[in-house]
Amino acid sequence: MTQDHTTGPDAAPETPAPWRPSRTVAVVLAGGTGTRLGLGIPKQLLKIAGKPIIEHTLTVFEAAPEIDEIIVLMATGHVADAQQIVDKAGFRKVSKVIEGGDTRNATTRIALDAVGEGDVNILFHDAVRPLVSARIVRECVNALWTYAAVDVAIPSADTIIQVDENECITDIPVRATLRRGQTPQAFRSGTIREAYRRAEGDPDFAATDDCGVVLRYLPGTPIKVIDGSDENIKVTHPVDVHLADKLFQLAAAQAPRLTDHRSYTEELTGRTIVIFGGSYGIGHDLAELARRYGAQVFPFSRSSTGTHVERAEDVEAALKTAFEATGRIDHVVVTAGILEKGSLADMDQETMDRVLQVNFVGPVIAARQSLPYLQQTKGQLLLYTSSSYTRGRAQYALYSSTKAALVNLTQALADEWAEFGVRVNCINPERTATPMRTKAFGEEPEHTLLAAETVAQSSLDVLISDLTGQVIDVRRAPGEPAPVPAQPTAADQDRVASGVDAG
């Protein structure tokens with residue numbers, strides 16, 4: 001006998017079927033024209049941190065494991081420009097680059113047609129929000145298992161006022177309940193389609209926000225809000241260009257850690273690593289660590305091999321030695337540096353030249369000489385900066401300015417060398433226990449300093465990663481044991497006395 005499931009008016013509604021989307025599609029909305037920026041091109045094509053804004057944005061979704069497909073809706077007349085960016089960057093998830101509509105709601109309708117029928121997760125994101133994080137994308141997609149609509153927002157730091165036509169205040173809403181909306185906005189496809197279907201019958205319909213369409217035309221649908229971020233800015237005004245560029249410069253990547261000794265051995269066995277400044281400090285510890293995992297390491301320094309990183313002939317000879325011994329060079333690391341404290345006005349010419357030559361000219365020479373070798377192995381150049389790159393420090397102006405220059409050099413070379421498959425990264429350790437620091441600042445509480453071994457481990461993680469163009473912060477973890485100062489040799493004492501730290 002078949003059970004009768006007919007329900008009366010007072011019966012509880014049936015539990016809806018669980019949401020089972022066939023795929024998750026990111027729709028990147030790139031219809032802006034750049035009018036407020038005073039540009040002759042759409043703002044999403046403007047370069048920030050060496051790449052068009054839209055390329056930065058697409059990179060986030062391309063890398064997100066939650067995203068299966070990307071559709072780009074581009075401003076009229078610039079579809080070919082966007083397609084060229086997609087092709088050059090090799091974005092595999094981008095299935096379509098098509099022209100958007102004249103309005104936001106027209107563009108969304110075009111996007112829904114492009115996505116097609118079926119149950120799909122859809123994320124709408126402004127192309128000119130290039131600093132959206134992987135965390136935000138992941139939380140949006142995860143929220144769709146429970147909610148049919150999802151928004152991203154941050155608390156308002158400012159008091160919001162409401163005014164009338166005469167620019168007089170009529171209300172001041174309670175700030176605690178206010179949020180500033182961002183993107184992406186995420187939807188179950190059936191929900192956003194139904195909201196727009198109902199909106200078609202409204203002669204006054206105009207949308208600038210897709211969650212607003214759901215709120216107005218499907219008022220019974222909860223819209224989940226997840227936390228955005230202050231960095232997820234929308235590039236709209238000229239000041240936003242400068243802010244976004246600086247945020248990219250300051251963004252610190254995290255190198256993935258492998259799980260065990262065997263994994264590191266599999267990655268490093270047979271690789272050749274050349275380290276300039278490898279006789280002490282960070283460089284020495286990196287060399288020892290890499291050797292334990294099977295790498296062939298060639299450390300060079302002023303004290304141990306007579307190698308001056310600022311001399312092109314010395315660098316050339318060092319690289320040739322390593323190549324002739326192993327037939328390859330996979331990684332070139334430059335840790336050598338000089339920190340001379342004192343007022344710039346009081347510094348003699350010889351000291352200034354030495355600081356500039358070792359700290360900046362040396363890495364430039366190493367980069368130029370290394371490229372032919374690294375092209376062959378699709379390898380990596382690794383440089384080192386310090387926290388002073390974000391703001392110059394009094395009493396060591398030359399040191400901090402050269403460290404800022406190395407960050408710019410890293411980012412520029414990463415773009416230049418991408419076509420060769422060569423990666424370039426920069427390590428930014430916090431205050432580290434090295435002879436150079438002891439000479440400059442004297443004895444400091446050990447618990448405030450990072451161990452050179454910790455920086456070496458992070459450096460190794462970066463070398464075997466796919467990162468490029470990144471500044472990787474290395475910070476002392478809470479509870480990490482204080483570094484144990486190594487005992488310098490006589491040669492090390494000479495180097496410290498001369499102001500040169502090889503690591």
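Both backbone and side-chain heavy atoms feed into the values below; hydrogens, waters and symmetry mates do not.
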With the side chain counted from C-beta on, respond yes when I427 and L383 share a heavy-atom pair under 4.5 Å apart, and no when they do not. no
Does the side chain of H78 come under 3.5 Å of the side chain of D81 through a donor N or O and an acceptor N or O? yes
Without swapping roles, check the side chain of D330 against the backbone of G379 for a donor-acceptor pair under 3.5 Å. no
Taking atom types as modelled, find out whether Q182 and N232 have a side-chain donor-acceptor pair closer than 3.5 angstrom. yes
Any side-chain donor near an acceptor of the partner, Y389 and T402, under 3.5 Å: no
Heavy-atom closest pair, residues I53 and A127: CG2-O, 3.5 Å
Take a 6.0 Å sphere around CD of E313 and say whether it holds more than 12 heavy atoms from other residues, nucleotides or ligands. yes
Charged N to carboxylate O under 4.0 angstrom, R354 versus E310? no
Between K93 (side chain only) and A26 (backbone N and O only), is there a donor and an acceptor less than 3.5 Å apart? no
Can you list the residues that meet the salt bridge (charged side-chain N to carboxylate O under 4.0 Å, His left out) rule with R138, with sequence neighbours excluded? none
Can you find a pair of side-chain heavy atoms, one from Q380 and one from L382, that are under 4.5 Å apart? yes
G90 versus E62, closest heavy-atom pair with distance: O-OE2, 4.4 Å
Can you find a side-chain donor-acceptor pair between Q83 and D87 that sits under 3.5 Å? yes
Take V25 and I70 through the test side-chain contact (heavy atoms from CB on, under 4.5 Å) and record every step on the way to the result. CA-CA 6 Å; V25 182; I70 304 170; over 6 Å; no
Working to the nearest 0.5 angstrom, can you tell me the gap between D473 CG and N428 CG? 4.5 Å
When you compare the side chain of I365 with that of V309, does any pair of heavy atoms fall below 4.5 Å? no
Determine whether P184 and V152 make a side-chain contact, defined as any pair of heavy atoms from C-beta on separated by less than 4.5 Å. yes
Parallel, tilted or perpendicular, as decided by the 30° and 60° cut-offs, for the rings of F298 and F300: parallel
Considering residues, nucleotides and ligands other than D348, do more than 12 of their heavy atoms fall under 6.0 Å from its CG? yes
Answer yes or no: is there a donor N or O on one side and an acceptor on the other, between the side chain of R393 and the main chain of R391, under 3.5 Å? yes
Keeping T269 on the side-chain end and E266 on the backbone end, is there a donor-acceptor pair under 3.5 Å? no
Is it true that the side chains of H125 and T183 contain a donor and an acceptor less than 3.5 Å apart? yes
K378 and V422, any side-chain heavy atoms less than 4.5 Å apart: no
Just how far is it from atom CD of Q185 to atom CG of D126, taken to the nearest 0.5 Å? 8.0 Å
Looking at G469 and N425, what are the two nearest heavy atoms and their distance? N-OD1, 3.3 Å
With heavy-atom distances below 4.5 Å as the criterion, would you say the side chains of P299 and R291 are in contact? yes
Consider only side-chain N and O atoms of Y264 and R257, and report whether a donor and an acceptor are under 3.5 Å apart. yes
Applying salt bridge (charged side-chain N to carboxylate O under 4.0 Å, His left out), can you list everything that pairs with E139, at least two apart in sequence or on another chain? R135
When you check the gap from the basic side-chain N to the acidic O, do E316 and R368 get nearer than 4.0 Å? no
Set out, in order, the CA-CA distance, both residues' side-chain angles and the distance that settles side-chain contact (heavy atoms from CB on, under 4.5 Å) for L398 and M352, then state yes or no. CA-CA 8 Å; L398 286 186; M352 288 192 296; 3.7 Å; yes
Taking the side chain from D240 and the backbone from T236, do they hold a donor-acceptor pair closer than 3.5 Å? yes
Tell me, do L144 and V150 make a side-chain contact under 4.5 Å, heavy atoms counted? yes
For I233 and A244, which heavy atoms make the closest approach, and how far apart are they? CD1-N, 3.9 Å
What I want to check is whether the side chains of D461 and S458 have a donor and an acceptor closer together than 3.5 Å. no
Let me confirm one number: the CG-CD1 distance from L58 to I67, rounded to the nearest 0.5 Å. 11.5 Å
To the nearest 0.5 Å, tell me how far L339 CG sits from S386 OG. 7.5 Å
Taking T385 for the side chain and K403 for the main chain, is one N or O donor matched with an acceptor at less than 3.5 Å? yes
Per side chain to side chain contact (heavy atoms under 4.5 Å, CB included), R271 is matched among V297, L463, I464 by I464
Distance-only, no hydrogens or angles: does the T351 side chain make a donor-acceptor pair with backbone N or O of M347 under 3.5 Å? no
Is any side-chain N of the basic residue among E69 and R23 closer than 4.0 Å to the acidic one's carboxylate O? yes
Mark yes or no for whether K43, through its side chain, and A30, through its backbone, hold a donor-acceptor pair below 3.5 Å. no
Mind listing the closest non-hydrogen atom pair of V97 and A82 along with its distance? CG1-CB, 3.8 Å
Is the backbone of T326 close enough, under 3.5 Å, to the side chain of T272 for a donor and an acceptor to pair up by distance? no
Should Y384 and V455 be marked as a side-chain contact (heavy atoms from CB on, under 4.5 Å) after you check the CA-CA gap, both sets of side-chain angles, and the distance that decides it? CA-CA 10 Å; Y384 289 76; V455 183; 4.2 Å; yes
Is a side-chain N or O of Q411 found less than 3.5 angstrom from the main chain of Q470, in a donor-acceptor match? no
Report the distance from atom NE2 of H284 to atom CG of L289, rounding to the nearest 0.5 Å. 11.5 Å
Can you list the steps and then say if L243 with D245 is a side-chain contact (heavy atoms from CB on, under 4.5 Å)? CA-CA 5 Å; L243 289 174; D245 199 62; over 6 Å; no
What pair of heavy atoms forms the shortest contact from L123 to C140, and how long is it? CD2-CB, 4.1 Å
Note, E267 side chain near L258 side chain (heavy atom, < 4.5 Å): yes
To the nearest 0.5 Å, what is the distance between OG1 on T57 and CG on L131? 8.0 Å
